[in-house]
Amino acid sequence: MSVRVRFAPSPTGYLHVGGARTALFNWLYARKMGGVHILRIEDTDRERSTEAHTQVILDGLRWLGIEWDEGPYFQGAFGARHRADAERLLAEGKAYRCFCTTADLDAQRKAMAGMKTAFRYDGRCGRLGAAEVEAKVAAGTPSAIRFRMPQGEIAWDDAVHGRISFQGHDLDDLVILRSDHTPIYNLAVVSDDIEMRITHVIRGDDHVSNTPKQIALYRALGHEPPVFAHVPMILGDDGKKLSKRHGATAVGDYQDKGILPAAMRNFLALLGWSPGGDREILPEAEMIAAFSLEGIQKKPAVFDTAKLEWMNGQYLSQLSADALLAPTERELARMGVTAPGRDLRPLIDSVKARSRTILNIAEQVAVRLDPSRVVRDAKGEQLAAKLGTAFSANLAVVADALDRIPAAEWHSDRILADMKALAEARGAKLGDLLQPVRVVLTGSTVSEPVNDLLVVVGREESLARLNAGVRT
RNA sequence: GGCGCUAUCGUCUAGAGGCCUAGGACACAGCCCUCUCAAGGCUGGUACACGGGUUCGAAUCCCGUUAGCGCUACCA
């Protein structure tokens, strides 16, 4: 039987990194096994679900390069089947009508508050006589449908955790159909997974306590449960559940920060999964080849932004300026920087080695393009203070020497040769000559080699900035 | 409270009884390279939660303790 997996987000918020990773694992497993990856939007919570959220989730998945072979299906469209399944269970005596109102339930809960055990529905409506039920129905009393939880052990062999076992008597008789005839999550999932012939349910750890309920539902409905694989949560750097106060947690935020989809995918894959051994950078094909459910970690993982950025830098350095051009231009446009007719690729090449994100690249390109974006940072100020009058004196000397290089010979090699000769002639250190140039050109003490920087900024623009620097 | 899950460097992890005086990566520190930085190379510190077993031998198996997390809805 061929593998069929699904990613089933509920559109009640943005696509967060935990969900993205779950999707990634589903997709990797499908690709690895030559199976089918299905996208199903679980929009049965109509109060919190929005179309905008659905769109954000779809966009996020596409950005990450996670494809689906079927769907997106919308769970809300399957209400009739969910209802039919609930009624079948009712007809077979595996479920019963519950006439308790929300207020009744609250009262029951309150009454049990002092007791040591947790509140559990006592099944009182399940003990109603047939005549009594009929009378209530005839009287038009609204009722929900409750599933009769079987007693005894319910266990399964989880693909990541191994055997997990619950006792039926610890579980509630759960409502499967609301009194307004809409389905409850646990029923809808099982009904859909059966209908879609899902073979492996790969989902977040937070669902393990739902699993025994769902297994019971599978059996009551006359189907074998699928293989379950519960992947652990992703935590913030304080060990707490990842949330907005940890900074970016939505995949769209990382897109905005200039993270590459391939790097994000690689990083997410390695959060809670390991191919075994020492590999870190895994191209898509290798990732698929190495993927296995057994390689998934049991314990939650902390999301380490520094490592993500390191990884992004690795991917960045492998990409050509050609490949980086479009995303960089997009970023520049957002910053309001345009350079019509200018080939930005040499600038990107010049700058990408010192960048960890597209945003870094764009910022540095912008500074080289537009003198108004040069802002002297703390290190730059420090250097100027340290050199004192030598700062502008050196600038003047360098500017003078550079001015003698004809435009046709404004090349990296020629500039470096002249600078070295100048340093030697004056008995100065090359660094003392060049650092002021770097600071005046970029505002910072960090950049590509100054001779390259001069080429990238251009002869006239460089000289203009240097001369302006001498005067201040 | 109940039920369940988890436990190797600060972080991500390798490790399926002897290969472990515990390996890699990020981060950190130092050195090399160098006009600065990044990259790269080298070096360094830091971990098997605790307590009992089982075994000739345990990071690896079992039990307990502790801690963390999840669920406990007519939410998903």
Side-chain angles (χ1 to χ4, degrees), chain A residues 8-12 42-45 47-49 75 98 100-102 105-106 109 113-121 142-146 158 161 164-167 169-172 174-186 188-189 204-212 230 232-233 235 237 239-241 267 270-281 294 297-311 313-314 317 351-356 379 383 416 419-420 423 429-435 437-439 442 444-451 453:
Chain A
S10 55
T12 52
E42 314 228 307
D43 55 351
T44 50
D45 183 350
E47 285 182 14
R48 292 191 298 153
S49 299
Q75 191 161 59
C98 177
C100 297
T101 62
T102 317
L105 262 11
D106 283 346
R109 213 166 271 133
M115 318 236 317
K116 283 204 176 66
T117 50
F119 168 75
R120 197 164 303 124
Y121 182 66
S143 63
I145 296 182
R146 244 180 224 281
D158 195 276
H161 291 277
I164 299 180
S165 157
F166 285 79
Q167 294 300 324
H169 60 75
D170 287 325
L171 272 18
D172 245 343
L174 65 150
V175 170
I176 53 178
L177 200 72
R178 296 186 185 94
S179 47
D180 67 357
H181 309 299
T182 58
I184 285 292
Y185 168 75
N186 279 305
V189 182
D205 233 351
D206 47 341
H207 285 289
V208 315
S209 39
N210 281 323
T211 305
H230 287 100
M233 312 270 85
L235 308 176
D237 53 16
K240 294 266 167 36
K241 201 168 150 187
F267 176 73
L270 256 32
L271 249 200
W273 172 74
S274 165
D278 297 338
R279 286 187 290 172
E280 298 283 340
I281 304 295
E294 291 68 33
Q297 201 73 16
K298 292 182 178 72
K299 67 163 182 181
V302 173
F303 193 94
D304 182 0
T305 309
K307 187 160 184 178
L308 168 62
E309 290 187 354
W310 165 79
M311 187 163 283
Q314 296 291 307
S317 64
V351 126
K352 71 171 192 179
R354 266 160 306 279
S355 302
R356 290 198 151 188
K379 288 274 181 59
L383 184 93
L416 182 60
M419 289 301 103
K420 282 186 169 164
K429 281 195 280 188
L430 190 57
D432 286 342
L433 251 31
L434 297 186
Q435 271 304 66
V437 176
R438 175 171 280 125
V439 169
T442 69
S444 135
T445 57
V446 171
S447 84
E448 62 272 50
V450 167
N451 50 324
L453 176 63

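Every chain is numbered from 1, with letters handed out A, B, ... down the list of sequences.
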- Task: Please determine, for the side chain of A/Ala306, which listed nucleotide (B/C26, B/C71, B/C74) has the closest atom?
- Result: B/C26

- When all nucleic acid strands are considered with a 4.0 Å heavy-atom cut-off, which category describes A/Tyr185: base, sugar-phosphate, or nothing? base

- Using a 4.0 Å heavy-atom cut-off across all strands, classify A/His207 as base, sugar-phosphate, or nothing. base

- Message: Between the base of B/A76 and the side chain of A/Asp206, is there a donor and acceptor pair under 3.5 angstrom?
- Response: no

Shorter than 3.5 Å, N or O on both sides, protein versus nucleotides 34-36 of chain B: list them out with atom names.
residue	atom	partner	partner atom	Å
B/C35	O2	A/Arg438	NH1	3.3
B/C35	O2	A/Arg438	NH2	3.4
B/C35	N3	A/Val450	N	3.1
B/C35	N4	A/Asn451	OD1	2.8
B/U36	O2'	A/Thr445	O	2.8
B/U36	N1	A/Arg438	NH1	3.2
B/U36	O2	A/Arg438	NE	3.4
B/U36	O2	A/Thr445	O	3.3
B/U36	O2	A/Ser447	N	3.0
B/U36	O2	A/Ser447	O	3.2
B/U36	N3	A/Arg438	NH2	3.0
B/U36	N3	A/Ser447	O	2.6
B/U36	O4	A/Pro449	N	3.3

- Task: Name all residues meeting the side chain to side chain contact (heavy atoms under 4.5 Å, CB included) criterion together with A/Ala423; count only those two or more places apart in sequence or in a different chain, and write none if there are none.
- Result: A/Leu430, A/Leu433

- Message: Going by side chain to side chain contact (heavy atoms under 4.5 Å, CB included), name the residues that satisfy it together with A/Val439, two or more places apart in sequence or in a different chain.
- Response: A/Arg376, A/Leu383, A/Phe391, A/Thr445

- Query: Any chance the side chains of A/Thr182 and A/Arg178 put a donor and an acceptor closer than 3.5 Å?
  - Reply: yes

Strictly under 3.5 Å: I want the nitrogen or oxygen pairs between protein and nucleotides 6-16 of chain B, one per line.
residue	atom	partner	partner atom	Å
B/U6	OP1	A/His161	ND1	3.3
B/U8	OP2	A/Lys299	NZ	2.4
B/C12	OP1	A/Val302	N	2.9
B/C12	O2'	A/Leu270	O	2.9
B/C12	O2	A/Lys307	NZ	3.4
B/U13	OP1	A/Gly272	N	2.5
B/A14	OP2	A/Gln297	OE1	3.3

- Query: Looking only at atom C1', what distance separates B/C19 and B/A14, rounded to whole Å?
  - Reply: 14 Å

Using nucleotides 39-47 of chain B, report all nitrogen or oxygen pairs with the protein that are shorter than 3.5 Å.
none

- Whole-Å distance, A/Ile164 CD1 to B/C3 C1', equals 12 Å

- Task: Specify the separation, in whole Å, of atom CE of A/Met311 and atom P of B/A38.
- Result: 20 Å

- Message: Can you work out whether A/Ser355 or A/Ala8 has the more 5'-proximal nearest nucleotide on RNA chain B?
- Response: A/Ser355

- Note on the structure: Hits for salt bridge (charged side-chain N to carboxylate O under 4.0 Å, His left out) against A/Arg279, two or more places apart or cross-chain, chain-then-number order -> A/Glu286

